[in-house]
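Residue numbering restarts at 1 for every chain, and letters A, B, ... go by the order of the sequence lines. Note: hydrogens, waters and symmetry copies are ignored here, and every other heavy atom, side chains too, is used. This one's a predicted model, so the numbers in the text were calculated from it and none came from an experiment.
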There are 2 protein chains.
Amino acid sequence: MDERQALASFGALSQETRLQIVRMLVVAGPDGMAAGTIAEKLEVSPSNVSFHLKELDHAGLVRQQREARSIIYTANYDALGGLVRFLMEDCCAGHPEICAPAVEVAACCIPTEGKLQ
Amino acid sequence: MDERQALASFGALSQETRLQIVRMLVVAGPDGMAAGTIAEKLEVSPSNVSFHLKELDHAGLVRQQREARSIIYTANYDALGGLVRFLMEDCCAGHPEICAPAVEVAACCIPTEGKLQ
DNA sequence: TCCATAATTCAACAATCCTTGAAATGTTGA
DNA sequence: TCAACATTTCAAGGATTGTTGAATTATGGA
């Protein structure tokens, strides 16, 4: 993730509807959600949700695939992980304060005791 | 960090000059930098850097304090850490893919073997 | 006090972003 | 093929955001 991509990602996440979409898709997991379902859950018009999904797609934060009549959107975990990493990169060396809370949350993901990679 | 604060933070970080300011301040550490120094380094006009610093201040990402004639800005590590945490919160439970790269970066911050809190 | 320095505020304008409903595209089943 | 469905695209507007230079506020030293 370079600065250009991070800027686009931050821009995409800085709008309420789009942030809600991403959070919903992350919770939804690999099965994703159809555009219409997203619009329904968030009580947003189809054309509006389509606009925001396009923005998220341009930022690389979601992926889409057609499934019959619906288009299924899924969160792009690589991009989201890359963004978290970008946010932490400059900090971790000199300023563990920023990384500490993240490490706390990530505790569940750490595979073995002390061994991280 | 609630959703409202996260939205403001993402908005603040979605502008090139502001993202550069934050990254500079994070690297600068607790000593921070004067507004004029920031303007000079980034080759931006004083009034423009002032505008962006105000935006970052409103988002809570920087702190300011007067020092003689200068106003010193510092990164708000709590806010940045909170934002990282917010980005990871929904993911870590079901989708360690997002947290894994973060954990990798954060390796340096993990205090003892496997013990995280 | 007066001047130079450091930074912010203001107003105006340009550019970008968001929302809306109507029209268009693509898909499925009868 | 035709009709219904799911979604996107388009154009228009209103709202927000970014940039600029001039004016303003605040500080410290002569």
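When all heavy atoms of A:Q5 and A:D2 are compared, the closest pair comes out as N-OD1, 2.9 Å. Taking all atoms of both residues into account, the shortest heavy-atom contact from B:G29 to B:T74 is O-CG2, 4.3 Å. Taking all atoms of both residues into account, the shortest heavy-atom contact from B:M33 to B:A28 is CG-CB, 3.9 Å.
The residue among A:G11 and B:V49 whose nearest nucleotide of DNA chain C lies closer to the 5′ end is B:V49.
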Worksheet item: How does each nucleotide of nucleotides 24-30 of chain D score, in 5' to 3' order, for protein heavy atoms under 4.0 Å: base (B), sugar-phosphate only (S), or none (-)?
Response: ---BS--

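One atom, NZ of A:K54, and another, P of C:dC18, lie 12 Å apart when rounded to the nearest Å. What separates CD1 of A:I72 from C1' of C:dG26 is a distance of 15 Å, to the nearest Å. Spacing between atom CD of B:E40 and atom C1' of C:dA7 amounts to 14 Å, rounded to whole angstrom units. Atom-to-atom, CG of A:N48 to C1' of D:dC10 comes out at 14 Å; the value is rounded to the nearest Å. Across the protein-nucleic acid pair, A:H58 atom NE2 and D:dT9 atom C1' stand 12 Å apart, rounded to whole Å. Remark: P of C:dG26 and CD of A:Q65 are 19 Å apart, rounded to the nearest angstrom. Computed from coordinates, the B:L53 CG to D:dT17 C1' distance equals 16 Å when rounded to whole Å. With rounding to whole Å, B:E16 atom CD is found 19 Å from D:dT17 atom P.
For A:H52, a side-chain nitrogen or oxygen approaches OP1 or OP2 of C:dT19 to under 4.0 Å. Regarding contacts with the backbone of D:dT8, a side-chain N or O of A:Y73 is found under 4.0 angstrom from either OP1 or OP2.
Listed nucleotides C:dT8, D:dT8, C:dT19 differ in distance to A:I71; the shortest reach to its side chain belongs to D:dT8. For B:Q15, the side-chain atoms get nearest to D:dG18 when compared with the rest of D:dG18, C:dT9, D:dT7. Closest to the side chain of B:A35, out of C:dT19, D:dT8, C:dA7, is C:dA7. Listed candidates were D:dT9, D:dT7, C:dC18. Nearest to the side chain of A:S70 is D:dT7. Side chain of A:S47, nearest nucleotide from C:dG21, C:dT8, D:dT7: C:dG21.
Of the possible donor and acceptor atoms, none in the side chain of B:R85 sits under 3.5 Å from a partner among the backbone N and O of B:L87.
The cluster map of Ile, Leu, Val, Met, Phe, Trp and Tyr, joined by side-chain heavy atoms under 4.5 Å apart, puts B:V62 and B:I72 in different clusters.
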Donor-acceptor contacts, no H, no angles, side chain residues 34-53 of chain B, under 3.5 Å, sequence neighbours left out:
residue	atom	partner	partner atom	Å
B:S45	OG	B:N48	N	3.2
B:H52	ND1	B:R18	NH1	3.1

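A:Y77 has its side chain out of reach of A:L61: every pair of non-hydrogen atoms, C-beta onward, lies at least 4.5 Å apart.
If you check every strand for non-hydrogen atoms under 4.0 Å, A:A39 touches nothing.
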